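Reading through the structure tokens given below for one structure.
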Amino acid sequence: MTSVDWAIVALYLIWIVWDGLRLTKRSHELEGYFLGGRSLPWWAVGLSVMATQLSAITMVGTTGQGYADGMRFLQFYFALPIAMIILSVTLVPFFHNAKVYTAYEYLERRFDAKTRAFTSLLFLLSRSMSLGVVISAPAVVLSVVLGTDLTTTVLLIGVPTAIYTMFGGVQAVTWTDVKQMVLIVFGLVAAVVVLIAGLPDEVGLLPALRIAGTAGRLQTFDFSFDLTNQYTFWSGTIAALFLFCSYFGTDQSQVQRYLTTPSVDAARESLLMSAYWKIPLQALVLLVGVLMFLFFLYTPSPMLFNRVHEREMRDGPQATEYRALESRFDGATASRSAAARVMTRAEAAGDTRSVEAAKAEFRRQDAETRTVRSEAIALVRTSTGDAAYSDVNYVFPTFITEHMPIGLPGLLVAAILAAAMSTIAGELSALSTATVIDFYRRFVRAEASDAHFLRVSRVATGFWGLFACVVAVWAAELGSLIEVVNRFGSFFYGSILGVFILAVGFPRATANGAFVGLLAGMAAVGWVASATSVAFLWHNVIGAVAVVIVGMAVSLVTKRS
């Protein structure tokens, strides 16, 4: 990164913080601070929701996922439009007309205080851990760019954002999100242009995409029904439907967004914006990953994208073994690139037999490249004792800092950092709201001035910010960040959704039934996660179904008693 790039990063972050605070109004009032006075326009809220989704995790984790696996991850989002329509008809009117601060207030009106408190506690646990992953994504970028340790970069991002959130409120979060959305999309389009321009002159975009297809990077549909396979058509349409209904319908970080709109119709329109645009935008992000695979097919790439571990392996006790792997990797990538060029020339000549032979050779060399990389990663895991180590999150940062022209690295790093800070601020606001409304005001001090509750909320914001920083240091090495955040959420979301299904869809459900069902749902997911290899997306279905079945059984038995 040049001084020009650093100037872009610094100027953008200063401007985004100043402009967000400038647009904040009525932040000294409880409703103004937490809900923006319920007056924000639907399009701003819709863009805010989408900016939260297209966060630093998306730009770092999903692009790396696209590099490693191709377009397969897109199946994860097939159920999103269906979920948005369901929520627009069901939970959105419930929450908006109830004039609540949090989704969990409604559970006390429908059931009792213990069900509300336990559900809110599960939200606090799941969202604070997921927030740690959100902080990890830009921390990964900075650790590569600055050459600093991960803990330092986590604190550089998390602490200032927590301080900023204490004063800005939800309005600052929303209006900065709108700007982040524009910058993120611009940054992704710029990356696509640079990646396409970086292809060899004799390899056009369409021949390159055919090569990606030969490597399996363009496979979007997998109709196999395997509960242990993470991304299939069925997990993306059935299991992910439960995840999206829970996340957008019961997670306070999302519910709080559409509660800031002035009407039910405005709240619905803000949600449906994601239904229309999320899948095309996610496809764009994954396409960046696929294009990076093609770019590094013709441009020499490191065997390990995490430069810190690369240096440690070269200088450590396993240096001889690592250098032998590097030699194999260089040979395999060179042979793979040559096979890809042969394939392109054969296709241009219309020689079907040569094309098939070149495809077979290309697949063989691509498999060898994957094998060597897997062995190198396994060597790092053995050396460090970190069984979950993966360097997929370092692919896009490496491309940004080493291969983009002057000015664009600064722009993209600014986009990643600002998107992260925006997402962090929004989730900290939700965590603070749930802490103050569902616990402090409900169980500690019911009557006090708005000024008092705002002081408590700022303390809560600081606490959750530091907690998330601790999680971030641990989460960065757990693998693909986009998978990690959804794995965290899937442990809780199904059970939380099950409680709201009981509340809204089953008039005979009782308070004790809902509470026992919630415990049963968490126990069922815990057992499945620890004792089986069922993919985490299905944990959402298991949790929701367990809560409903056990909750209704207990409700019917206790009613008869």
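Reckoned from all heavy atoms, side chains included, excluding hydrogens, waters and symmetry mates. Model, not experiment: these values are computed from the prediction.
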> Do D366 and R363 sit within salt-bridge range, that is, some charged N less than 4.0 Å from a carboxylate O?
Replying inline: no

> Given the side-chain rings of Y493 and F242, with only the six-membered ring counted for Trp, is the space between their centroids under 6.0 Å?
Replying inline: no

> Looking at residues at least two apart in the chain, or sitting in another chain, which of them share a ring-ring contact (aromatic ring centres under 6.0 Å, His included) with Y322?
Replying inline: none

> Could you give all pairs that pass the salt bridge (charged side-chain N to carboxylate O under 4.0 Å, His left out) test and reach residues 188-205, with sequence neighbours left out?
Replying inline: E202-R341

>> Working note: E427 + Q256, criterion side chain to side chain contact (heavy atoms under 4.5 Å, CB included); need CA distance, chi angles, decisive distance, verdict.
In response: CA-CA 10 Å; E427 298 192 354; Q256 186 168 345; over 6 Å; no

>> List the residues meeting side-chain hydrogen bond (donor to acceptor under 3.5 Å, both in side chains) with S246, not counting sequence neighbours, and say none if there are none.
In response: T250

> Residues two or more places apart in sequence or in another chain: which of them pass side-chain hydrogen bond (donor to acceptor under 3.5 Å, both in side chains) with Y247?
Replying inline: Q53, Q254

Could you go through residues 523-538 and list every donor-acceptor pair under 3.5 Å that involves a side-chain atom there, pairing it with any protein atom two or more places apart or in another chain?
| unit_1 | atom_1 | unit_2 | atom_2 | d |
| --- | --- | --- | --- | --- |
| S530 | OG | G526 | O | 2.9 |
| S530 | OG | W527 | O | 3.2 |
| T532 | OG1 | V528 | O | 2.6 |
| T532 | OG1 | V534 | N | 3.4 |

>> For Y104 and F123: C-alpha separation, side-chain torsions, deciding distance, then whether ring pair (Phe, Tyr, Trp, His ring centres under 6.0 Å) applies.
In response: CA-CA 9 Å; Y104 318 111; F123 158 73; 5.6 Å; yes

>> If you define the side chain from C-beta out and look only at heavy atoms, does anything of Y77 sit under 4.5 Å from F244?
In response: yes

>> Applying ring-ring contact (aromatic ring centres under 6.0 Å, His included), can you list everything that pairs with Y67, at least two apart in sequence or on another chain?
In response: F305

> Would F399 and F295 count as a close aromatic pair, with their ring centres under 6.0 Å?
Replying inline: yes

